[in-house]
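The structure under discussion appears below in the form of structure tokens.
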Number of protein chains: 2
Amino acid sequence: MKQRVTIADVAKKAGVSATTVSRILNGNYSQTSAETTARVLEAIRELDYRPNALAKGLKQMKTQVIGVILSNLQNPFWLRVLKGIEDTCRKAGYQLMICNSCDDPAIEAEHIKNLQTRNVDGIIVNPTPGNRDLFEQLLATGYPCVFVNRHLPNLAMPGVVMNNIRGASLAVEHLLEGGRQRIAIIAYQGEITTWTERVEGYKTTLLAHGKREQDLLIELVPNRPGAARSAAIRLLKRNPRPDALLSTTNLMTLEILDAIQSLGLRIPEDVALVGYDETMWCKYLNPPLTTVRQPAYEMGEIAAKRIIQLCKGTRRTKLDVTVLEPELVVRESSRPASATPDVGATIAAGTGTSG
Amino acid sequence: MKQRVTIADVAKKAGVSATTVSRILNGNYSQTSAETTARVLEAIRELDYRPNALAKGLKQMKTQVIGVILSNLQNPFWLRVLKGIEDTCRKAGYQLMICNSCDDPAIEAEHIKNLQTRNVDGIIVNPTPGNRDLFEQLLATGYPCVFVNRHLPNLAMPGVVMNNIRGASLAVEHLLEGGRQRIAIIAYQGEITTWTERVEGYKTTLLAHGKREQDLLIELVPNRPGAARSAAIRLLKRNPRPDALLSTTNLMTLEILDAIQSLGLRIPEDVALVGYDETMWCKYLNPPLTTVRQPAYEMGEIAAKRIIQLCKGTRRTKLDVTVLEPELVVRESSRPASATPDVGATIAAGTGTSG
DNA sequence: ATGAAAGCGCTAACAG
DNA sequence: CTGTTAGCGCTTTCAT
């Protein structure tokens, strides 16, 4: 039940008090003679002493741990975000406690309580709309918390998000320029800002380009496997058929691709496709996929910096929200309809140099 | 510096001692009258009391936290593993502290010390060969630790790994059956069992099928971006050209794909390709990719169960290693050479129903 | 420059 | 059934 070697053991071995050892451990060399310091350091080394973070944390009520709550660890988008968070935290001496809410408010709430119970210094969270009151409470008590990727409307939580309106807008404008007339969008339904904003970007852009309300083709589907595939099929069976599809998630994109293939339609001849989120495989899909690239790593990095600042700062830091800009990566899947040759699509439309 | 509401506050409010509160918190209802229990529970609720896990951990030297050290969070393979670990741990009431070693022994060592410092109850690790002594020490001191995916030869650490020999073997046999004559493999160099075993599987299978040592085509490359691509180009420029490539990583597969495309070669007509690790996008590549599927989720699940068992068990549990079997997912990219039609490959070779 | 003492919040003997 | 006491290992006044 006891720890192998404690600060007292080191103190005894070095012939000093625990206080002195503690000072040295925390880099307070100025208060100790060089000779003593050396002796203590030697004792630490010899005994292979490791300070107990629990005891330290209990005393200081700081743990150097950041809690991270994500909604879907299956989405590779989060890997980049996580890497940004991790790199930044590591540099600053923080450890991560990563949780998965599965977009379930109950699980999310449980995680938040759990993290607080463990005295994590701060929380980075991709929030669920269902826990607004809980977040308001966090904000009110001043518990360091930062939103990432999503935000909750009218809740002044600091955070870092993407410009989703612009992301959808970029995609739609690109498709319009390519001569596409009937652009459809598929999105998950729900009060989640990433989804709603992308739909909004789609809407406003089309309306700004002279389309009417009744020209909009919006399919909102529940966030569960297969739903997007069905929606895509539904859309593609309409008459007239949409000539472009805008996906709003990288997972969703694969389902849509499946739908298009199963209907025997060709991309981009019969229908153009633009995906949301650039992934390492987009380039190798059949055909190579045009996507909206989001600065995921950077988002993680900024969120981490923000939370660390909040953890350290005694004075309240600015509670602003950073908005990061997406960009469009244009590839084969959205090639202009007019430029489409009538023969079968090129195989291996790669980067060239035939060997 | 102090906690908002402590067990003492609850005790006072309920008119009992802290001990009684503690008992109730830990589900020891049998030792307390129903009436008292109700009063305490009520006080807890009213004060919104949350026990301090640090204090509890310090007292018991248990934290209900499992440390997880992975070598490369960028690889989506680990997402499945992580999900398996997470689901299992959550059910058992454990939190996760996830670290990324980036395959750097120094970082790994730092994480291990850090996790011990934080008194995590156990560690799941995808080990680096560089810290053998450290793992031996963990084993000697009886600190709960479980290897995952990799193991260190001649180190009796409990763990759960894949049958990599069989994985490569399945792929090679499949290619041989398809009439491929010059099968090459690309793997990362280093003492890492996952790589070496896959190469071994490749070797023994080919030799068992009557090939000679000099027929083997093995490219070992450093684990850094672009290296596999170069190796693939090197291989494909040989005369005679290999007619099949076996990749040993999903990240590597994308690089190889890139190489093949850049040389203007067709898959599977000019060269067959088999990837290692099934991912959600393999099916949608150009062409759909044959892969070796590994039970990633299950591996995480088993590793988690194992470590939890070790954390709880006072008596030493069996230190055995579980080996999970891979399976081959056959798709277009490894279609038999003989069966290859001479016309351009089919576009959208999807699952059918032209609608 | 160093040490003694007190206590962070909780649990685990031991009493009663 | 309930409370008293004594720490877990560390940091932090406050003395010296």
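Below, read A as the first sequence line, B as the second, and so on, with proteins coming before strands; counting in each chain starts at 1.
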Can you tell me if [X] uses its side chain to pair, donor with acceptor, with the backbone of [Y] under 3.5 Å?
| X | Y | answer |
| --- | --- | --- |
| A:Thr63 | A:Asn119 | yes |
| A:Thr193 | A:His151 | yes |
| A:Arg132 | A:Pro153 | yes |
| A:Thr6 | A:Ala8 | yes |
| A:Asn131 | A:Leu134 | no |

Requested in this report: Give me the residues of residues 5-13 of chain A where at least one heavy atom lies under 4.0 Å from an atom of DNA chain C, by number, or none.
Outcome: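 By residue number: none to list.
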Report task. Enumerate the residues from residues 17-29 of chain A whose closest heavy atom to DNA chain C is under 4.0 Å, giving them by residue number; use none for an empty result. Result ->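 A:Ser17, A:Thr19, A:Thr20, A:Arg23, in order of number.
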Please report the distance, rounded to the nearest Å, between [atom1] in [X] and [atom2] in [N].
| X | N | atom1 | atom2 | value |
| --- | --- | --- | --- | --- |
| A:Asn52 | D:dC10 | CG | P | 6 Å |
| B:Met61 | D:dG7 | CE | P | 15 Å |
| A:Lys56 | D:dC8 | NZ | C1' | 17 Å |
| B:Gln31 | D:dG3 | CD | P | 13 Å |
| A:Lys62 | C:dC8 | NZ | P | 18 Å |
| B:Leu58 | C:dG9 | CG | P | 12 Å |
| B:Leu54 | D:dT11 | CG | P | 13 Å |
| B:Glu35 | D:dC1 | CD | P | 12 Å |

Requested in this report: In plain terms, say whether B:Glu42 and B:Arg39 are close enough for a salt bridge, that is, a side-chain N and a carboxylate O under 4.0 Å apart.
Outcome: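 Between B:Arg39 and B:Glu42 there is no salt bridge, as every charged N stays at least 4.0 Å from the carboxylate O atoms.
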Requested in this report: Would you classify A:Ser30 as touching base, sugar-phosphate or nothing, given that sugar-phosphate means primed atoms plus P, OP1 and OP2, and contacts are heavy atoms under 4.0 Å?
Outcome: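 Sugar-phosphate: the residue A:Ser30, judged by heavy atoms under 4.0 Å, touches backbone atoms but no base.
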Query raised in the report: Nearest of D:dT2, C:dA12, C:dA6 to any side-chain atom of B:Lys59?
Result: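 Taking heavy atoms from C-beta onward, the closest nucleotide is C:dA12.
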Query raised in the report: So how far off straight is the helix from C:dA1-D:dT16 to C:dG16-D:dC1, going by the axes through five pairs at either end, to 10°?
Result: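 What I find for the helix from C:dA1-D:dT16 to C:dG16-D:dC1 is an axis angle of 40°.
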Query raised in the report: Between D:dC1 and B:Thr36, is there an OP1 or OP2 to side-chain N/O distance shorter than 4.0 Å?
Result: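 Looking at the OP1 and OP2 atoms of D:dC1, neither is under 4.0 Å from any side-chain N or O of B:Thr36.
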**Report entry** Interatomic spacing from CG in A:Leu25 to OG1 in A:Thr20 - rounded to 0.5 Å
**Finding:**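 Interatomic distance, A:Leu25 CG to A:Thr20 OG1, rounded to 0.5 Å: 11.0 Å.
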Report task. Report the distance from atom CG of B:Asp104 to atom NE2 of B:His111, rounding to the nearest 0.5 Å. Result ->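 Interatomic distance, B:Asp104 CG to B:His111 NE2, rounded to 0.5 Å: 9.0 Å.
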Query raised in the report: Out of B:Lys91, B:Arg90, B:Lys83, which one pairs with B:Asp87 under the side chain to side chain donor-acceptor pair (under 3.5 Å) rule?
Result: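 Result: among B:Lys91, B:Arg90, B:Lys83, B:Lys83 is the only option passing the side chain to side chain donor-acceptor pair (under 3.5 Å) with B:Asp87.
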Report task. Could you tell me whether the side chains of B:Ser22 and B:Thr19 share a donor-acceptor contact shorter than 3.5 Å? Result ->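 B:Thr19 and B:Ser22 do not have a side-chain donor-acceptor pair below 3.5 Å.
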**Report entry** Side-chain donor-acceptor contact under 3.5 Å, B:Arg4 with A:Thr141
**Finding:**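 No pair is found: no donor N or O on one side chain lies under 3.5 Å from an acceptor on the other.
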